[in-house]
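Below, read A as the first sequence line, B as the second, and so on, with proteins coming before strands; counting in each chain starts at 1.
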Amino acid sequence: MLWLADFFSIFLLPKFNMASYHFNSIEKNWQKFWAEHQTFKADNHSKLPKYYVLDMFPYPSGAGLHVGHPLGYIASDIVSRYKRHKGFNVLHPMGYDSFGLPAEQYAIQTGQHPAITTDENIKRYRQQLDNIGFSFDWSREVRTTDAQYYHWTQWIFIQLFNGWYNKANDKAEPINDLIKKFGAEGNANVNAVCDETIVFSGSEWNAFSEKQKQTILLNYRLAYLSDTMVNWCPELGTVLANDEVKDGVSERGGYPVERKLMSQWSLRIAAYAERLLQGLDTLDWTESIKEAQRNWIGKSEGTSLKFYLASPLTPPQGKQEPSDVSMVEEEELWYATADKSKYRILKDFALENRRNATNEEIIIWEALRNNQIENVKFRRQHIIDKFIADFVSFEYKLVIELDGLIHSLEDNIISDEARTLVLNELGFTVLRFTNEEVNSNLNGVLGKIKSYVNSIVPSTPSPMEKGMGDEAKKSQGECIEFFTTRPDTIFGVSFLTLAPEHELVAQITTDACKAAVENYVTLSKNRSERDRMADVKTISGEFTGAYAIHPFTKTLIPIWIGDYVLAGYGTGAVMAVPAHDSRDYAFAKHFNLPIPQVVEGGDISVESYDAKEGLLINSDFLNGLEVKAAIKKAIEKIEAEGLGKGKTNYRLRNAIFGRQRYWGEPIPVYYKEGVPYVVEEKDLPIALPEVDKFLPTETGEPPLARAQNWNYNGHAFETTTMPGWAGSSWYYLRYMDPHNAKEMVGIEAVNYWQNIDLYIGGSEHAVGHLLYARFWCKFLKDIGTVPFEEPFKKLVNQGMIQGTVCTTYIYSYKNHVNEILKCAVAVDLHSQFKSGNSEGVIKIIAAQIGSSITDCQYVNEVNVPFEFFAAAVFEDSEGLKKWLSSAGNSVSHLIIGSDSKFQVKMETGKMSKRWHNVVNPDDICSQYGADTLRLYEMFLGPLQDAKPWSTQGIEGVHRFLKKAWRLFHNHTNEDFAVSDEPALKAELKTLHKTIKKATEDIDNFSFNTSVSAFMVCVNELQDLKCNKREILEPFIVLLSPYAPHICEELWHLCGHAESIEKADWPVFNSEFLVENDFNYPISFNGKVRFNLNFALDLEPLAVEKAVLADEQTIKYLEGKTPKKMIVVKGRIVNIVI
RNA sequence: GCCCAGAUGGUGGAAUCGGUAGACACGCAGGACUUAAAAUCCUGUGGCUUCACGGCUGUGCGGGUUCAAGUCCCGCUCUGGGUACCA
């Protein structure tokens, strides 16, 4: 193919075709010219209006660019070039999102440093991009893997760490201000987005140890360390964000993902939930992307609501006391006072100790519990710092220890003296008693406690006493809290459902139901996330035997558990209204529970009526109200009675920010006594260290733990790295000021360029990248780094260019001499095999191979390169066999279809190395030229639509360029020939029609239609035999954004020394399109029969008269009188008979 | 299930405001030039019907509004994308 083209260009064309269109040399020349003249360099100090066009920068994968990548880049390039013609100072940069998993996976397999792989891939990408002639300002290139770049990614992390979200001002503020406030007045009046509401005074804050302060501050910081349930992917050895997990497997690689509790860096994106939601309304994005973000943020407004239990809580196990603090609160309390790094272990020990209490311990506890001694509240087996105290009172800062107890690991190592010392340091007094004392002289022991308690004044509530606040005391733990968006349906509640994991399940379950409930809980625990997701239809649950009291009707409501209720959302409990919620309805039907209707509408005997419309019935004080009004009234009543509060829930979770990976930005954090600190800004960047292997350590720590001297002034560095989206969340800012060594972006640069006028990229980033980048932008606005709140004003999603995926299936079989062989088989056999008809498959294979087959097994499916196939069939069987064997699938036979051709299953799918269907744009460029590729990709259809790649039609576009070229050249000898004669009216009309269309189409991103307008223009000019400069020069300016090389060449042939890029966009003049008359379509009852020409200034009445007088009209009227006549000036005439 | 987008010739698609459906291109058929091929150019090309003029029909399906509907409204079917026991 190639050699033929070369042959013609070298030997034939120069001889006979002096000036034909040699795209290869033309394109190379101009690409060189643009690079040498820095034609597309953007100026930060221009007086011109600015226009910022951005493409989503690519991850430089090993497969190189495929024809799908440039689609969006071509569109943005057209807009950039157009805007330059229109007199804008255009910023159109490109870079690489070069941290990522594939390079690291490759590094693990080969030992090759990811930086090397990445560098090679970038070189290849750059070459491919250059071939297409983009007008990028390469002097501004950024790479997320550059230390000069991730310096500032780390800097942003530090700002997040040093920031907290002040709800009062609805913005992020410096943590130092918060610390000052804590010191002055405590946190009672701080309205922050934080994890826990610990209340302390200013003096208490000042009395806290450094460690305690830091622990509390972590609850406020926007970048924080916490124990979170994460999506752990063992195969990849890392955690994944929610949007990186699809259907229980990793989006990249498709490996299973499990839920795991880990200490992780997270970003408090949820603080910005409302602003992220509100901001969407101001954006020029497609509705579907905005909707996807709204769903992801998942705002739901409703109310919290308490149901009191009908009977007091029964202890689930003999030894566990009725608690006035629920287990959750107890755990939170532990967490507040415990050493976080040891918390997980300690918690288990504490629970274990409680369950296995010694006799002496039980004796003391029976005396201390329920405020029996001097009304002092004691807790048992409570975690303080690294220790588990046997008994503790926070008000009196008193710890009571019994000797002879089995302590936790740490306790065994550290002596009792040391324990006492540390506890004293924390402000506690320790009283020690031996088991013998307790057994022989309990009264003496209690007396000592009493006299101590009476000797001191109890302290005001401390942070440790969180959970002992008024609210907890009032509730007395005997209620269950719910969240509902439909408080109006409160009278339709016929049962309550708790998640199987709900904390109260064990405590409320009656003995009669205990076995079944425990069984069910175990069952749901063992069901993996994936099973639970896959199996949505099966309804399951158990009755706990317990009842709650309806807050208004005071009737008894049974409490069930069911795994359709998620522990992680709301309160993990649902007030079930089966008549008006489809899931509750299904549950009620399945277990035969009542379905009382409280909103009019629908047919409750068939299905639930979920619509938020209708009048309330059977609902006491809500009767007769519309749903909306009823919701309002119900909330008022619930709040008035102290049963709950109007509340807004968001589905948006805080973003986990750490990855147990090597190839990412190091998190600029070090640990001092287990407390995280950020490094000083002057020490940035913290460069990614060298490691011997890119794998976790033997002890399971991330790869960075392998690095030598991985510490900061002797303090160990964080070993996790940032996730892939860190670098891409702010890269658009760095382009504005890419070489600034002092700041991430200078204020002057960001004030000039502002936010992005046009952002083009794939819709696969709908929630991930676009949401995170918006979050960071809002944060950067809060801290004064950028002057705008939304980074991307207008977003256009280009559709994916899909490839063809060809699949064949491999079977292995044994022949008559017991040899094991393999054959590749057509699709129809595979479907038979799958449906269990292996007998039939064996028969067909045997018939083809011509021998008896004793055994036949399906082995796997193999994707075959598309280039082997013309149209789902394959004739070169030896070639295919060869390819299969080179891909590791040696086959002895191909099973041929009835048409004696080998058939392959063909589907459209993603273009990827994996499917062997990547089409390289370089091939198109060398065969047809970059201009043809650019025009063709635009001509394929609307930018936003997904389309399978095919080269049919590319000839037409190429032909068009050749035609355009010929307009400038003499027909006989092909010399350049443009005339300076004035243009004719018809020629000007064609030109201005095209100016109008091309201008409007770019503004509407309708690039396919403007390509067709150019074709129409060239066809018309060709018919007019037009070679006039007055027409052709403006025309190539119009065409140049699409096909810059050929236009640049023609522009210079026309005698211009400067780049066509500097030419002004032609101005449309409507005068040339003015028509004096119009060929009216004359229709009868809406059917067009013929046309009549009238002057356009002829009034409708006159047109009507003239039409009626026409003999054709008379013919079609067939003697009837028209009932009505419509004349639309310049459009149509319709006669109603 | 829910949300969003869409459905037009053999194919990709056009019709931006309710006003001649199928622009432009591919493919196909026929022709010109040529020893031949390539390249280029010309003609035709939704379906049915007719020697022809023409007629009928036609934008996923069924209704409706209108002088006029691919376009607006109601009810479906199917396809693509997103999302999910979110209370």
Exercise. Could you say whether A:K962 or A:E1000 is positioned toward the 5' end of RNA chain B, judged by the nucleotide with the nearest heavy atom to each?
Key: A:E1000
Self-check item: Polar contact flag, side-chain donor to acceptor under 3.5 angstrom, A:T1009-A:S1006
Solution: yes
Quiz prompt | Pairwise P distance, B:C53 and B:G46 [rounded to whole Å] | solution = 14 Å
Quiz prompt | Shortest side-chain distance from A:K1124, nucleotide among B:A23, B:A87, B:C67 | solution = B:C67
Self-check item: A:Y1116 side-chain N/O to B:G55 phosphate OP1/OP2 under 4.0 Å
Solution: yes
Exercise. Round to a whole Å and report the spacing from NZ of A:K993 to C1' of B:A14.
Key: 15 Å
Quiz item: If you look at every strand shown and take non-hydrogen atoms under 4.0 Å, does A:F1007 touch a base, only sugar-phosphate, or nothing?
Solution: nothing
Quiz item: If you check the A:I1132 side chain, which of B:C85, B:G19, B:C24 turns out closest?
Solution: B:G19
Quiz item: Side chain of A:R651: nearest nucleotide among B:U40, B:G12, B:U83?
Solution: B:U83
Self-check item: Listed nucleotide nearest any side-chain atom of A:K963, set B:C17, B:C85, B:C41
Solution: B:C41
Exercise. Look at the side chain of A:V565 and decide which nucleotide, out of B:A87, B:C3, B:U16, has an atom nearest to it.
Key: B:A87
Practice problem: To the nearest Å, give me how far apart OH (A:Y928) and P (B:A39) are. | Solution: 10 Å
Quiz prompt | Nearest-angstrom distance from the residue atom CD of A:Q1022 to P of B:A25 | solution = 11 Å
Quiz item: Is the base of B:G12 syn or anti, where syn means the angle lies within 90° of 0?
Solution: anti
Quiz prompt | A:N1008 side-chain N/O to B:A14 phosphate OP1/OP2 under 4.0 Å | solution = yes
Quiz item: When you check the glycosidic angle of B:C17, does it come out syn, meaning within 90° of 0, or anti?
Solution: syn
Quiz item: For B:C2, does either OP1 or OP2 sit under 4.0 Å from a side-chain N or O belonging to A:R294?
Solution: no
Self-check item: Whole-Å distance separating the OH atom of A:Y936 from the P atom of B:C26
Solution: 11 Å
Quiz item: Rounding to the closest angstrom, what is the interatomic distance between B:U45 and B:U83 at atom C1'?
Solution: 45 Å
Quiz item: Any luck finding a side-chain donor-acceptor pair between A:N1134 and A:K1124 under 3.5 Å?
Solution: no
Exercise. Quickly work out the A:M938 CE to B:G13 P distance and round it to whole Å.
Key: 14 Å
Practice problem: Report the nucleotide, chosen from B:U40, B:G13, B:G19, that has the shortest atom-to-atom distance to any side-chain atom of A:N1134. | Solution: B:G19
Quiz item: Picking from B:C3, B:G13, B:C67, which would you name as closest to the side chain of A:P942?
Solution: B:G13
Practice problem: Just call it for A:V1016: base, sugar-phosphate, or nothing, with non-hydrogen atoms closer than 4.0 Å on any strand. | Solution: sugar-phosphate
Quiz item: Using a cut-off of 4.0 Å on non-hydrogen atoms, how would the nucleic acid contact of A:K997 be classed: base, sugar-phosphate, or nothing?
Solution: base
Exercise. Please report, rounded to the nearest Å, how far the P atom of B:C2 is from the CG atom of A:D581.
Key: 13 Å
Quiz prompt | Pairwise C1' distance for B:G80 and B:A29, with rounding to whole Å | solution = 35 Å
Quiz prompt | Nearest listed nucleotide, side chain of A:N1004, among B:U16, B:U57, B:A25 | solution = B:U16
Quiz item: A:V1136 near the nucleic acid: base, sugar-phosphate alone, or nothing, with a heavy-atom cut-off under 4.0 Å?
Solution: sugar-phosphate
Quiz item: Can A:K1115 and A:E1111 be counted as an ion pair, charged N to O under 4.0 angstrom?
Solution: no
Quiz prompt | Euclidean distance for C1', B:A23 against B:G9 (whole angstrom) | solution = 13 Å
Quiz item: Which whole-number value in Å describes the distance from A:R1131 CZ to B:U66 P?
Solution: 22 Å
Quiz item: Counting any heavy atom closer than 4.0 Å, what does A:D945 reach on the DNA or RNA strands: base, sugar-phosphate only, or nothing?
Solution: nothing
Quiz item: Which dot-bracket string fits RNA chain B when only Watson-Crick or G-U wobble pairs with both atom distances under 3.5 Å count, crossing pairs get [ ], and | stands for a partner on a different strand?
Solution: (((((((..(((......[....)))((((((.......))))))((((....))))..(((((..]....))))))))))))....
Self-check item: 5' priority, RNA chain B, between A:F1078 and A:T484 [closest heavy atom]
Solution: A:F1078
Quiz item: In whole Å, what separates the C1' atom of B:C74 from that of B:U79?
Solution: 22 Å
Quiz prompt | Any donor-acceptor N or O pair under 3.5 Å, side chains A:S300, A:Y650 | solution = no
Quiz item: Within the structure shown, what part of the strands sits under 4.0 Å from A:N797 by heavy-atom distance: base, sugar-phosphate, or nothing?
Solution: nothing
Quiz item: Is the shortest distance from a Lys or Arg side-chain nitrogen in A:E1020 or A:K989 to a carboxylate oxygen in the other one below 4.0 Å?
Solution: no
Exercise. Assess whether atom NZ of A:K628 is packed by more than 12 heavy atoms of other residues, nucleotides or ligands within 6.0 Å.
Key: no
Quiz item: Which heavy-atom pair separates A:V957 from A:T932 by the least distance, and what is that distance?
Solution: CG1-O, 3.8 Å
Quiz item: Given the C1' atoms of B:A14 and B:C4, what is the spacing between them in whole Å?
Solution: 24 Å
Quiz item: Does A:D610 come within less than 4.0 Å of A:R486, counting only side-chain N to carboxylate O?
Solution: no
Self-check item: B:C24 to B:C76 separation - P atoms, rounded to the nearest Å
Solution: 40 Å
Quiz item: Heavy atoms under 4.0 Å, any strand shown: does A:L940 hit a base, just sugar-phosphate, or nothing?
Solution: sugar-phosphate
Quiz item: Can you find a side chain N or O atom of A:K290 that sits less than 4.0 Å from OP1 or OP2 on B:C3?
Solution: no
Quiz item: Rounding to the closest angstrom, what is the interatomic distance between B:A68 and B:G19 at atom C1'?
Solution: 7 Å
Quiz item: Is a donor on one side and an acceptor on the other found under 3.5 Å between the side chain of A:T571 and the backbone of A:E481?
Solution: yes
Quiz item: What is the nucleic acid contact for A:R959, judged by heavy atoms within less than 4.0 Å: base, sugar-phosphate only, or nothing?
Solution: sugar-phosphate
Quiz item: Over how many whole Å does the gap from A:D1001 atom CG to B:A15 atom C1' extend?
Solution: 12 Å
Quiz prompt | Residue pair A:F495 / A:A588: nearest heavy atoms and the distance that separates them | solution = CE2-CB, 3.8 Å
Exercise. State whether A:R583 places a side-chain N or O below 4.0 Å from either non-bridging phosphate oxygen (OP1 or OP2) of B:C86.
Key: yes
Exercise. Please determine if A:E274 and A:K299 form a salt bridge, counting it only when a charged side-chain N lies under 4.0 Å from a carboxylate O.
Key: yes
